[in-house]
Q: 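Structure incoming, see below.
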Amino acid sequence: PPCKPAVFIPVDRSPEIQEARLKLPILAEEQVIMEAISENPIVIICGETGSGKTTQVPQFLYEAGYASPNGAIGITEPRRVAAVSMSQRVAKEMNLSHRVVSYQIRYEGNVTDETQIKFMTDGVLLKEIQKDFLLSKYRVVIIDEAHERSMYTDILIGLLSRIVPLRQKKGLPLKLIIMSATLRVEDFTGNKRLFSATPPVIQVDARQFPVTVHFNKKTPLDDYSGECFRKVCKIHRMLPPGGILVFLTGQAEVHSLCRRLRKAFPFQKTKTAGEEDDKGEPVEETRTFKKSRKRRKVLTLPKIDLDNYSVVPVDEGDEDRDADTDDDDIAGSDLDLDLGDGDSEEDEKSDSSLPLYVLPLYSLLAPEKQAKVFRSPPPGTRLCVVATNVAETSLTIPGIKYVVDCGKVKKRFYDRITGVSSFRVTWISQASANQRAGRAGRTEPGHCYRLYSSAVFMDFEKFSAPEITKRPVEDLILQMKALNIEKVINFPFPTPPPTEALAAAEELLIALGALKEPPTTGRLKQQLAAKLSCPISSLGRIMATFPVAPRYAKMLALSRQHNCLPYTITMVAAMTVRELFEEFDSPAVSEEETARRKGKRARLLQMQRLWAGQGPMQKLGDLMVMLGAVGACEYAGCARKFCDDNGLRYKAMLEIRRLRGQLTTAVNSVCADAGLYVDPKMKPPTEAQATYLRQIVLAGLGDHIARKVQAEELLDDKWKNAYKTALLDDPVFIHPSSVLFKELPEFVVYQEIVETTKLYMKGVSAVEPEWIPALLPPYCHFGKPLENPPPSYCPETGRIHCHRPSVFYRVGWELPAVEVDYPEGIDRYKYFARFLLEGKVIEELSSYSQCLLSSPLIMLKTWSKLQPRTESLLQALVAENCDNRDALLAAWKKNPKYLLSAYCQWIPEAMHQELAKTWPPVAL
DNA sequence: TAGGGTTTT
């Protein structure tokens with residue numbers, strides 16, 4: 001077959017690298033792997049972290065001649081940092097330039113036309129499929145970390161399952177390699193719709209040190225945080241050196257455990273002037289520490305050899321000895337150092353002879369504070385990192401020997417019908433527990449203390465549900481429709497999203513105008529079938545090119561008007577990036593610290609009020625605050641100090657800056673004459689622009705409207721200050737952090753609803769009721785055209801307009817009558833005929849309107865049929881579907897004599913000849 | 001008057 005390379009490409013590796021490579025178990029499997037790849041279009045490689053598959057498999061392929069500048073090896077990663085660091089590592093190992101081994105992530109990359117090995121985030125490859133469905137510049141695509149089942153990974157696997165045979169047919173075969181850290185591959189191998197021929201699965205060993213797992217005998221009912229504290233205390237007091245990593249579920253828990261541990265195992269702290277200590281970390285100054293070391297003679301950590309199984313633990317007897325996991329790489333607890341389900345209270349006593357270097361770690365923590373966990377702790381101290389789930393996959397902390405796992409995780413849940421999200425703490429999966437345990441065996445044999453019993457563990461789900469089954473999918477569906485995959489329901493998802501989620505996505509996209517509406521006539525069965533197979537509209541195609549959620553993409557698509565684009569781009573970027581503002585609410589260690597935070601918080605609140613603007617601007621609400629914050633920050637050059645001083649999250653501001661750049665480029669490439677650029681000195685919007693922006697926001701967030709409960713509807717106190725939405729029966733409230741919290745506008749739109757103690761709307765903006773029917777007709781049920789104000793002819797559009805009252809869908813809110821297109825039907829022809837006769841449609845006919853034989857108004861009378869001239873004019877218009885100016889001009893183009901005889905019936909015979917000469921009465 | 005894990009185009 002043409003894909004089988006005949007060459008061997010030499011690689012010039014340094015001796016040190018060559019030596020390190022040889023230690024990797026995967027090197028022994030090179031031949032097996034390469035044979036499988038040579039003989040099969042699709043291969044699955046399973047190997048845990050530490051097997052070296054990510055760095056080595058691309059090198060095997062390169063050496064075997066799979067790569068060339070016009071047929072690269074592509075590797076996808078679920079995270080940006082991984083794509084960048086892997087490309088750097090592989091380049092170094094192969095002694096090749098980054099021009100050859102490159103990366104591409106959302107905002108940046110170093111790909112050249114020499115690139116032969118390309119690491120990228122999974123989203124980047126998905127975008128590339130949009131431009132080149134066959135991925136013709138790749139000869140191999142590797143999907144890494146497929147076990148994580150991220151949304152993009154799943155969708156890529158589905159797409160590639162179709163691309164591989166297409167490439168085969170074209171005689172340009174493409175190899176697909178799926179790499180997974182677990183053996184959970186049945187969704188790929190057992191899914192005949194995905195891969196009709198089951199791909200071979202190759203298992204590779206990992207170079208991991210053994211991790212002994214200790215289960216608690218008892219599972220704490222709710223105080224897992226306290227149990228963590230006791231376990232860390234025991235480890236620190238009794239076990240030999242080695243870092244401790246604790247898994248908790250949220251920031252607040254992390255900080256509170258950090259405080260407790262620091263109190264229990266303090267070490268001399270001296271605060272240098274100006275030193276920032278807002279999270280209360282001990283100052284890591286070696287000098288200070290050495291001093292205390294001299295003062296206290298015994299400052300050595302215990303030196304019990306944990307891996308010498310003859311040592312008997314001091315407090316044994318409480319452990320769950322039947323502990324066993326079904327993972328062979330993690331040893332079950334047998335006869336070794338278990339610590340018991342500690343519940344003694346003596347641990348609370350402060351003991352400064354055993355300093356513990358305690359650090360918090362979570363995703364939103366400032367990067368420089370995160371970085372502390374990668375540096376070695378002050379000499380003589382033991383490192384203890386208290387982390388959320390970031391430490392499970394995203395960040396690897398060196399030197400960890402002990403893992404304390406509470407067994408819980410905080411996850412976001414979405415209500416499939418209402419879209420309301422909430423955060424819940426749940427048990428983790430067995431796979432997740434094993435992944436956490438594995439973090440103890442990176443540098444030497446380790447121990448994992450699970451704060452739950454083995455029976456509880458056995459009740460865990462084997463794996464967590466793939467992301468695609470848990471989230472709203474409108475963005476995904478739009479991307480797929482842009483790839484002309486219309487029947488999304490037939491797509492070979494490894495695991496399909498629930499049908500309700502697909503239907504909700506399709507419905508939203510139709511309402512946004514991104515998909516063509518399904519027919520509402522015909523057989524019910526066909527209607528239902530058409531419902532989940534709507535093709536993309538031209539607006540949808542434009543929206544799909546904007547790398548943001550469809551609601552926001554719609555806002556961008558509308559913003560050409562009134563010079564709103566720079567503002568919409570900024571607003572959309574700000575809404576896309578989460579957590580713009582710093583949090584100052586977590587309790588601090590010292591009183592000065594508490595006071596300092598109080599000051600910062602007050603300053604931020606003051607700035608937010610300033611950014612919210614004056615007068616009518618304020619109605620843009622939280623989105624105006626975002627706009628103001630980004631504007632001010634950019635004006636200050638996006639300086640770190642400005643962010644720190646004003647309570648802005650620096651990392652968020654940098655991301656917004658890059659996203660603004662990307663969106664500006666995207667908009668420019670859709671409308672070349674827009675000539676947009678990112679202006680660091682962007683002025684605030686004018687009052688008029690702020691109003692347009694509110695309308696643009698409404699057009700994107702049409703399904704996120706809420707209406708204040710009217711005084712007369714207030715039956716129950718629980719509805720005080722509450723809002724009602726179309727889909728929720730319960731009251732919703734403006735979140736107290738919103739600048740509109742006290743304003744309570746009658747109608748608002750919101751970015752999202754999060755359920756905590758109540759249902760709270762966040763990212764709120766006020767809208768005027770009359771905008772709703774004008775901008776969101778899909779959500780409104782319109783009544784009959786009003787007689788007053790009367791229907792009129794619109795010279796701009798050439799169409800008949802009228803005023804129609806409407807009610808909002810599902811909730812029936814009465815909306816003000818607004819001017820809209822006259823509804824389709826015979827009456828629209830009658831009005832068109834009338835305005836045509838009056839000379840309003842075609843100016844050249846206005847000279848004849850003085851001499852008409854009947855009043856044009858008779859067109860509208862119910863007895864109009866009594867007059868032959870009304871009848872023939874109407875019939876002629878209906879015959880050519882002429883109820884607007886454009887249709888009339890088109891009809892004349894087709895037939896220049898069109899309408900002449902019908903019109904002649906309305907004017908004296910004497911004028912007929914003259915009229916016929918100048919007919920049609922317009923230049924075509 | 002609140003309280004939020006983690007990713008990505």
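Below, chains carry the letters A, B, ... as their sequence lines are ordered, and counting in each starts from 1.
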Q: Closer to the 5' end of DNA chain B via nearest nucleotide, is it A:Gln479 or A:Thr388?
A: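 Checking each residue's closest nucleotide, the 5'-ward one belongs to A:Thr388.
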Q: Please report the distance, rounded to the nearest Å, between NZ in A:Lys408 and P in B:dT6.
A: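 Roughly 18 Å, once rounded to whole Å.
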Q: How close or far is atom P of B:dT9 from atom CG of A:Leu659, stated in whole angstroms?
A: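 Nearest whole value for this atom pair: 10 Å.
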Q: Give the rounded distance in Å between these two atoms: CG of A:Asp622 and P of B:dT1.
A: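 The distance from CG of A:Asp622 to P of B:dT1 comes to 18 Å, rounded to the nearest Å.
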Q: Is it the case that over 12 heavy atoms from other parts of the model lie below 6.0 angstrom from the NZ atom of A:Lys470?
A: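 Open: at most 12 neighbouring heavy atoms sit under 6.0 Å from NZ of A:Lys470.
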Q: Quick one: side-chain hydrogen bond (donor to acceptor under 3.5 Å, both in side chains) partners of A:Ser85, sequence neighbours excluded?
A: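 Partners of A:Ser85 under the side-chain hydrogen bond (donor to acceptor under 3.5 Å, both in side chains) test: none.
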Q: For A:Leu361 and A:Phe546, take the nucleotide of DNA chain B holding the closest heavy atom to each; which residue's nucleotide lies nearer the 5' end?
A: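 Closer to the 5' end of DNA chain B: A:Leu361.
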Q: Who are the side-chain contact (heavy atoms from CB on, under 4.5 Å) partners of A:Pro745, not counting sequence neighbours?
A: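 With sequence neighbours excluded, A:Pro745 shows a side-chain contact (heavy atoms from CB on, under 4.5 Å) to A:Tyr723, A:Ile734, A:Leu740, A:Glu743, A:Val748, A:Ala766, given in chain and number order.
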Q: Write down the distance between CZ (A:Phe584) and P (B:dT1), rounded to a whole number of angstrom.
A: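 Spelled out: CZ on A:Phe584 to P on B:dT1 is 23 Å.
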Q: Under 6.0 Å from the ring centre and within 45 degrees of the ring axis: does the NZ or CZ of A:Arg450 meet both conditions for the six-membered ring of A:Phe457?
A: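 So A:Arg450 does make the cation-pi contact.
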Q: Roughly, in whole Å, what's the span from CG in A:Leu126 to C1' in B:dT8?
A: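 Whole-Å distance recorded here is 10 Å.
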Q: Contact class for A:Glu148 (heavy atom, under 4.0 Å): base, sugar-phosphate, or nothing?
A: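 Nothing: the residue A:Glu148, judged by heavy atoms under 4.0 Å, touches no strand.
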Q: Separation of A:Met120 atom CE from B:dT9 atom C1', in whole Å?
A: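 In whole Å, B:dT9 C1' lies 13 Å from A:Met120 CE.
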Q: Regarding A:Arg578, tell me which of base, sugar-phosphate or nothing describes its non-hydrogen contacts under 4.0 Å with the strands shown.
A: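 If one applies the 4.0 Å heavy-atom cut-off, A:Arg578 turns out to touch a base.
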